[in-house]
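The next block holds one structure in the form of structure tokens; read it before the comments.
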2 protein chains.
Amino acid sequence: MTKKERILSVALYRFAHEGYNAVSTASIAKEAEVSEGLIFKHFKSKQGLLDTLREELESKMAAKVQPVMEAATAAEALHLVFDLLLNVDPVDFNYWRLQYQLKLNEAYEGHRSAQLYLDRLSWALQESGFPEPEMEAQLLFEIVDSALKRIVFEELPEKEKYIEFLRKKYAP
Amino acid sequence: MTKKERILSVALYRFAHEGYNAVSTASIAKEAEVSEGLIFKHFKSKQGLLDTLREELESKMAAKVQPVMEAATAAEALHLVFDLLLNVDPVDFNYWRLQYQLKLNEAYEGHRSAQLYLDRLSWALQESGFPEPEMEAQLLFEIVDSALKRIVFEELPEKEKYIEFLRKKYAP
DNA sequence: ATTGCATGTAAGTAAGTACTCACTTTAACA
DNA sequence: TGTTAAAGTGAGTACTTACTTACATGCAAT
């Protein structure tokens, strides 16, 4: 692990758990055992450090969603939505926690890709015979999002049971 | 409006929109047009100011949930869950936004009263014939919570339509 | 009248903030 | 082997932070 990677790793953990503003560059440097100046050599500013983490986060999000976007049939797409929840890698938990931190403040641009995902859900639900596919898609989106949140914050002990319970409602 | 109330009002708005750590006592004092020292006279510390807001928030939450807890029948309880969403007072939006800020970090003690609310939903859903009332209650809780979130962050334009869509699923 | 007390302010303080700068070390390569 | 560029440091910068202190004002009760 290079020093640069150590900075990123510490920053990800601290930003995800305590929030961007609560964490100082000095404390990141100390925990990563590097000089504070090195943070600014590599990332130009504290915001630049966050931006780097956000880029990593966004590519992870895109990869996660891809199977649903590329599924051959509507039924398969709906099935894969729940696989996505079953397969969250604990190594990535802090990236998702960071996402929930970022979503709160700034108007956060997950909007563009989120709309494509919503449209895809809407299409799949219509194909599957749901009478109000658009609202149903919005609801399903919120359900999956809140389940993901509970998973990464380790508040969902009976994960598998709960996900199967959800799946029955949309992809029986 | 007394100076004390002005401090609380500015702090609520800023904490809710920007987050506790991003807002300085100096900037609160300036916006409320009082001296910075007065904040510490009244609230002892910045954390004390937040605690005061949190107490107000908690009593507002208890009042919101009360009708559901005291409903005579299960069907009425479920019906009232959605009224709760329809009747959120825009004047209180910042209190709910603050709640979503606080929930993220600290382990936030909404847990005790949340469990009572969950038990109540579980009971109502069982009475209404849902086969898995506990998971269904958990799900309903998340659905209502995310709808409230979208309402107070003004991301739900067709509020009434969406709430009726939800109500049909639980209290037809 | 005088005490006491809550409300209020202006001007501090020490510690912490993000960030810079002059400098040294490391390591690949002509 | 000497040159070059990146990686890395540690001590500084100007500024902001939460909080304190000394002092002023109005006002009710003794």
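First the proteins, then the strands, lettered A, B, ... as listed; each starts at 1.
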Rounding to a whole Å, what distance do you find between Ile28(A):CD1 and dA18(C):C1'?
-> 11 Å
dA18(C) phosphate, OP1 or OP2, under 4.0 Å from Thr25(A) side-chain N/O | yes
Mind running a 4.0 Å heavy-atom check of residues 42-50 of chain A against DNA chain C and sending the residues that fall below it, in number order?
-> Ser45(A), Lys46(A)
Does a nitrogen or oxygen in the side chain of Ser24(A) sit under 4.0 Å from OP1 or OP2 of dT17(C)?
-> yes
Donor-acceptor under 3.5 Å (Asn105(A) side chain, Glu18(B) main chain) = yes
How long is the line joining NZ of Lys30(A) and C1' of dT17(C), in whole Å?
-> 16 Å
Between Asn21(A) and Lys41(A), who's closer to the 5' end of DNA chain C by nearest nucleotide?
-> Asn21(A)
Glu58(B) (side chain) donor-acceptor with Glu55(B) (main chain) under 3.5 angstrom | no
Compare side-chain N and O positions of Ser35(A) against OP1 and OP2 of dG8(D) and report whether any pair is under 4.0 Å apart.
-> no
Is there a side-chain hydrogen bond (donor to acceptor under 3.5 Å, both in side chains) between Gln138(B) and Tyr162(A) once you walk through the steps?
-> CA-CA 9 Å; Gln138(B) 186 61 250; Tyr162(A) 186 69; 5.7 Å; no
Atom CD of Glu18(B) and atom P of dT17(D) are separated, to the nearest Å, by 12 Å
Rounded to the nearest Å, what distance is computed from the NZ atom of residue Lys4(B) to the P atom of nucleotide dA6(C)?
-> 12 Å
Return the value, rounded to whole Å, for the distance between atom CG of Leu8(A) and atom P of dA7(D).
-> 13 Å
Show me the donor-acceptor pairs, under 3.5 Å and distance only, between side chains in residues 124-131 of chain A and residues at least two apart or in other chains.
unit_1	atom_1	unit_2	atom_2	d
Ser128(A)	OG	Ala124(A)	O	2.9

Crowded around Glu134(A) CD? As in, over 12 foreign heavy atoms under 6.0 Å?
-> no
Distance in angstrom units between Glu36(A) CD and dG16(C) P, rounded | 13 Å
Euclidean distance, atom CD of residue Glu33(A) to atom P of dG8(D) [Å, nearest integer] = 14 Å
From CA spacing to verdict: salt bridge (Lys or Arg N to Asp or Glu O under 4.0 Å), Glu33(B), Arg6(B) | CA-CA 8 Å; Glu33(B) 295 177 286; Arg6(B) 255 153 56 202; 5.0 Å; no
Starting at atom CZ of Phe40(A), determine the distance to atom C1' of dT17(C), rounded to an integer number of angstrom.
-> 9 Å
Of the listed dA18(D), dG8(D), dA22(D), the closest approach to the Leu38(A) side chain comes from dG8(D)
State whether the number of non-hydrogen atoms from other residues, nucleotides or ligands found under 6.0 Å of Lys44(B) atom NZ is greater than 12.
-> no
